Engineer: 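What follows is a structure written as structure tokens; I'll ask about it next.
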Amino acid sequence: MMTKHRFGAGRAVAVAAAGVLLAGCGNAGTKAGEDPKPSASVKQAGESTEPSGSPDPKKPAESKEPGALPSAYDFTPSPDRVPKTAAEARRLTRNAILGEADWTAGMVRGTPYETAGTWTVLADSCVWSRSALPDGVLDSFTRRLDVPAQDGKGRVRGSVTVTVHKSVEGADREIKDTVQESFRCPSQELGGGQRLSGLMSLQFDQKDVRNADASLFEAGKFTGPGSDGTQDYVWSKSRIGSVTTAVSVKGAKGYETTDLLRIAAEGGAKVLYRVELELK
């Protein structure tokens, strides 16, 4: 799909930030601690099919660390592991979602902590609301996890969402629709006095995506109760087969954009890795 982009300094920042997000996705296998958008994974390298003995000098060396990025994404879900019922989808979303000890060290539960079985819709007024799951979605599950305020810094609010569609086509449509939403509504109301502005979305070229079938990145500004003014906001969404994942991070006082990007990259890579394990 051809996507249009706004030009100028803002777009340059978004592109540079997206590069940082991609570069930060290589440590999904390491152990450590939504906004209302509903919502691919790191391939586990090192599972050699070569016989034991000296390595083939013609074959590039691959990292044996779980979560290391491959040179290209070539994962195919096992047909018998792809959810076909709502119950199977709920099992996958609960197993793949991140908890306090799974994302980054020191995270705590946000409020509300979990939202399950609903879908969010962006109205023509650019206001988000929740509705029942559409017919093409088997399950969607969100958890909110925050980095608490400490050492003079504010509270960073994060969220992770895993969604299971009935088909690959449905999941792909979610990715494509998301890219268009920021062009249709560069400013969005999240409810509860929360607002996003200056939004820009960028869908990655597939050759640059090595841990999912498709990925996109969004950046903008966030304001709301307790935000201590206007803060940076970053968000990514990815797809593996019929499953999508989304990770959002709302900034706080004392945090640079690169800090938020690394938090988002870590969470995004880990949830993708978990999705892949559920599907292999």
Side-chain angles (χ1 to χ4, degrees), residues 21-22 25-31 34 37-49 62-99 102-103 114 116-117 119 133-143 159-178 203-204 206-216 236-247 264-280:
L21 188 69
L22 281 175
C25 290
N27 296 320
T30 60
K31 188 73 174 176
E34 168 161 0
K37 297 183 181 181
S39 52
S41 131
V42 174
K43 177 178 175 61
Q44 185 169 5
E47 297 177 354
S48 175
T49 58
E62 291 187 6
S63 168
K64 293 186 180 296
E65 179 186 356
L69 287 175
S71 59
Y73 191 69
D74 60 358
F75 175 73
T76 300
S78 299
D80 59 343
R81 298 278 290 174
V82 176
K84 300 174 180 62
T85 66
E88 292 173 346
R90 283 192 294 271
R91 183 162 53 248
L92 184 148
T93 59
R94 273 57 172 183
N95 288 343
I97 206 77
L98 303 180
D102 303 323
W103 189 337
E114 296 179 341
W119 189 253
L133 293 175
D135 290 341
V137 176
L138 292 171
D139 189 53
S140 188
F141 185 49
T142 295
R143 274 186 180 161
S159 74
V160 57
T161 299
V162 181
T163 300
V164 180
H165 291 258
K166 290 182 179 179
S167 68
V168 172
E169 293 76 17
D172 194 50
R173 190 176 309 113
E174 180 190 341
I175 296 286
K176 293 178 178 178
D177 288 348
T178 299
Q203 183 166 358
F204 296 123
Q206 185 54 44
K207 67 180 177 59
D208 296 324
V209 182
R210 299 180 182 180
N211 64 342
D213 291 318
S215 289
L216 64 85
S236 66
K237 178 175 284 189
S238 300
R239 176 182 68 81
I240 296 179
S242 59
V243 181
T244 64
T245 65
V247 171
E266 184 177 356
K270 286 180 176 179
V271 71
L272 287 172
Y273 181 63
R274 287 183 166 209
V275 168
E276 190 171 291
L277 291 179
E278 290 298 309
L279 294 174
K280 68 184 299 183

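This structure is a prediction, so every number in the text was calculated from the model and none was measured. Below, each value reflects all heavy atoms present in this structure, side chains not excepted, and no hydrogens, waters or symmetry copies.
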Engineer: Determine whether Asp139 and Leu92 make a side-chain contact, defined as any pair of heavy atoms from C-beta on separated by less than 4.5 Å.
Structural biologist: no
Engineer: Under a 4.0 Å N-O cut-off, is there an ion pair linking Lys270 with Asp102?
Structural biologist: no
Engineer: Hey, what do you get for CG (Leu133) to CG (Leu138), rounding to the nearest 0.5 Å?
Structural biologist: 8.5 Å
Engineer: Identify the two heavy atoms, one from Arg210 and one from Tyr73, that lie closest to each other, and give their separation to 0.1 Å.
Structural biologist: O-CD1, 3.6 Å
Engineer: side-chain contact (heavy atoms from CB on, under 4.5 Å) with Ser167: which residues, sequence neighbours excluded?
Structural biologist: Glu169
Engineer: To the closest 0.5 Å, what do you measure between CG (Leu216) and CD (Glu174)?
Structural biologist: 9.0 Å
Engineer: Using the salt bridge (Lys or Arg N to Asp or Glu O under 4.0 Å) criterion, which residues pair with Glu88? Sequence neighbours excluded.
Structural biologist: none
Engineer: Can you name the nearest heavy-atom pair linking Trp119 to Pro134, along with the distance?
Structural biologist: CG-CD, 3.5 Å
Engineer: Can you check whether Asp135's main-chain N or O pairs, donor with acceptor, with Lys166's side chain at less than 3.5 Å?
Structural biologist: yes
Engineer: Compare every heavy atom of Val275 with every heavy atom of Ala96, then report the nearest pair and how far apart it is.
Structural biologist: CB-CG2, 3.8 Å
Engineer: Between Lys237 and Asp177, does at least one N-O distance fall below 4.0 Å, as a salt bridge requires?
Structural biologist: no
Engineer: Using every non-hydrogen atom in the two residues, find where Ala212 and Ser238 come nearest and quote the distance to one decimal.
Structural biologist: CB-CB, 4.0 Å
Engineer: With rounding to the nearest 0.5 angstrom, report the CD to CG distance, Glu276 to Asn211.
Structural biologist: 9.0 Å
Engineer: With side-chain contact (heavy atoms from CB on, under 4.5 Å) as the criterion, how do Val168 and Arg239 come out once you've worked through the C-alpha distance, each side chain's angles and the decisive distance to 0.1 Å?
Structural biologist: CA-CA 9 Å; Val168 172; Arg239 176 182 68 81; 3.3 Å; yes
Engineer: For Val247 and Gly267, work out which heavy atoms get closest and say how close.
Structural biologist: CG2-C, 4.0 Å
Engineer: Applying salt bridge (Lys or Arg N to Asp or Glu O under 4.0 Å), which residue pairs with at least one partner in residues 75-87 are found, sequence neighbours left out?
Structural biologist: none
Engineer: State, to 0.1 Å, how close Ile97 and Arg274 come at their nearest heavy-atom pair, and which atoms those are.
Structural biologist: O-NH1, 2.8 Å
Engineer: Got a donor-acceptor contact below 3.5 angstrom from the Asp213 side chain to the Gly241 backbone?
Structural biologist: yes
Engineer: What distance separates Phe141 CZ from Arg90 CZ, expressed to the nearest 0.5 Å?
Structural biologist: 11.5 Å
Engineer: Which value, rounded to the nearest 0.5 Å, describes the distance between Ile175 atom CD1 and Gln203 atom CD?
Structural biologist: 7.0 Å
Engineer: Between atom CD of Glu278 and atom OG of Ser78, what is the distance when rounded to the nearest 0.5 Å?
Structural biologist: 11.5 Å
Engineer: Just by distance, do the side chain of Asn95 and the backbone of Arg91 share a donor-acceptor pair under 3.5 Å?
Structural biologist: yes
Engineer: Is the shortest heavy-atom distance from the side chain of Val162 to the side chain of Val243 under 4.5 Å?
Structural biologist: yes
